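Computation of the quantities below employed the complete heavy-atom set of this structure, encompassing side-chain atoms and omitting hydrogens, waters and symmetry-equivalent molecules. Every value quoted in this text rests on a predicted model; they were computed, and no experiment measured them.
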Amino acid sequence: MINALESSSTRPYLIRALYEWCTDNGFTPYVAVQVDDTVQVPREYVKNGEIVLNISFDATSSLKLGNDFIEFKARFAGSAREISVPVGRVIAIYARENGQGMAFPAPAPSVPADHLGGDAPAAAPSPQGPARMPLRDASRGTEGDAGKVMHLVTGEDGDETVVDAGALADPVDEPPRPPASGGARPSLKRVK
């Protein structure tokens with residue numbers, strides 16, 4: 001018997017199910033994809049590291065929704081392109097007309113090809129200061145701390161310290177705050 005850790009991902013099955021639901025109900029299925037070197041899409045349409053693709057029957061040919069890749073041919077500005085998206089890079093599938101669908105956890109950032117070797121040096125600190133990784137933990141602290149953003153800061157000697165984001169000098173890197181409780185339902189932004 002296979003346990004949960006050894007089983008295959010549910011993501012490709014959910015993508016196929018929502019694609020079928022969209023087409024059965026006359027909706028246009030869109031997929032939002034986080035782009036990296038493993039994603040084969042027209043780079044001129046990528047914005048903020050993401051692209052939204054129309055995967056409807058009318059917009060694609062030779063569509064294959066596999067367990068590992070979504071592959072199809074589509075036209076972009078009249079030019080035919082072959083598209084290949086690893087299923088793990090899909091961050092959402094939804095209906096264009098009403099926004100109903102499903103969002104998936106964002107994939108982990110990919111490591112650049114030049115850092116894959118065994119002797120590759122550790123990530124160098126940025127010229128703006130030590131490396132920071134956003135960290136949210138709503139399970140600890142008081143009720144007021146639930147939405148607090150913390151950063152993991154790696155010092156020059158390799159020590160790691162958690163620092164309150166408000167104490168950092170550069171607020172531009174801070175991710176947007178979630179809406180206050182009781183607000184509107186989360187929704188996907190349509191990109192045309």
S79 (side chain) donor-acceptor with F76 (main chain) under 3.5 angstrom: no

Go through T28 and E97 one step at a time and tell me if the side-chain contact (heavy atoms from CB on, under 4.5 Å) criterion holds. CA-CA 7 Å; T28 308; E97 292 77 6; 2.7 Å; yes

Decide whether Y13 and L18 are clustered together by the hydrophobic rule: side chain heavy atoms of Ile, Leu, Val, Met, Phe, Trp, Tyr closer than 4.5 Å, transitively. no

Pairwise distance NZ(K64) to OG(S84) - rounded to 0.5 angstrom: 10.0 Å

Please determine whether residues L65 and V87 belong to a single hydrophobic cluster, defined as Ile, Leu, Val, Met, Phe, Trp and Tyr linked transitively by side-chain heavy-atom distances below 4.5 Å. yes

Does R75 have any side chain to side chain contact (heavy atoms under 4.5 Å, CB included) partners at least two apart in sequence or in another chain, and if so, which? A80

Is there a side-chain contact between P86 and D36 (heavy atoms, below 4.5 Å)? no

Do I93 and F72 sit in the same hydrophobic cluster, where Ile, Leu, Val, Met, Phe, Trp and Tyr count as joined when their side-chain heavy atoms come under 4.5 Å apart? yes

Drop me the distance from N98's CG to C22's SG, to the nearest 0.5 angstrom. 7.5 Å

Name every donor-acceptor pair, under 3.5 Å, that has one atom in a side chain of residues 49-63 and the other anywhere in the protein, sequence neighbours excluded.
from: N54; atom 1: OD1; to: S56; atom 2: N; distance (Å): 2.9
from: N54; atom 1: OD1; to: S56; atom 2: OG; distance (Å): 2.9
from: S56; atom 1: OG; to: A59; atom 2: N; distance (Å): 3.4
from: T60; atom 1: OG1; to: S56; atom 2: O; distance (Å): 3.0

When hydrophobic residues are tied together by side-chain contacts of less than 4.5 Å, even through go-betweens, does V46 share a cluster with I91? no

Is any side-chain heavy atom of I15 closer than 4.5 Å to a side-chain heavy atom of M102? no

Give the cluster check for Y45 versus V39: same hydrophobic cluster or not, with ILVMFWY residues linked at side-chain heavy-atom distances below 4.5 Å. yes

Looking at CZ of F104 and CD of Q34, how far apart are the two atoms once the value is rounded to the nearest 0.5 Å? 14.0 Å

Under a 4.0 Å N-O cut-off, is there an ion pair linking E44 with R81? yes

Check for me whether R16 meets the cation-pi criterion with Y19, that is, NZ or CZ under 6.0 Å from the six-membered ring centre and within 45 degrees of the ring axis. no

Where the side chain of R89 meets the backbone of V33, is there a donor-acceptor pair that is under 3.5 Å apart? no

Parallel, tilted or perpendicular for W21 and F27, by the 30°/60° rule? tilted

Would you please test V31 and Y94 for side-chain contact (heavy atoms from CB on, under 4.5 Å) and show each step? CA-CA 7 Å; V31 291; Y94 60 97; over 6 Å; no

More than 12 foreign heavy atoms under 6.0 Å from CG of D24: is that the case here? yes

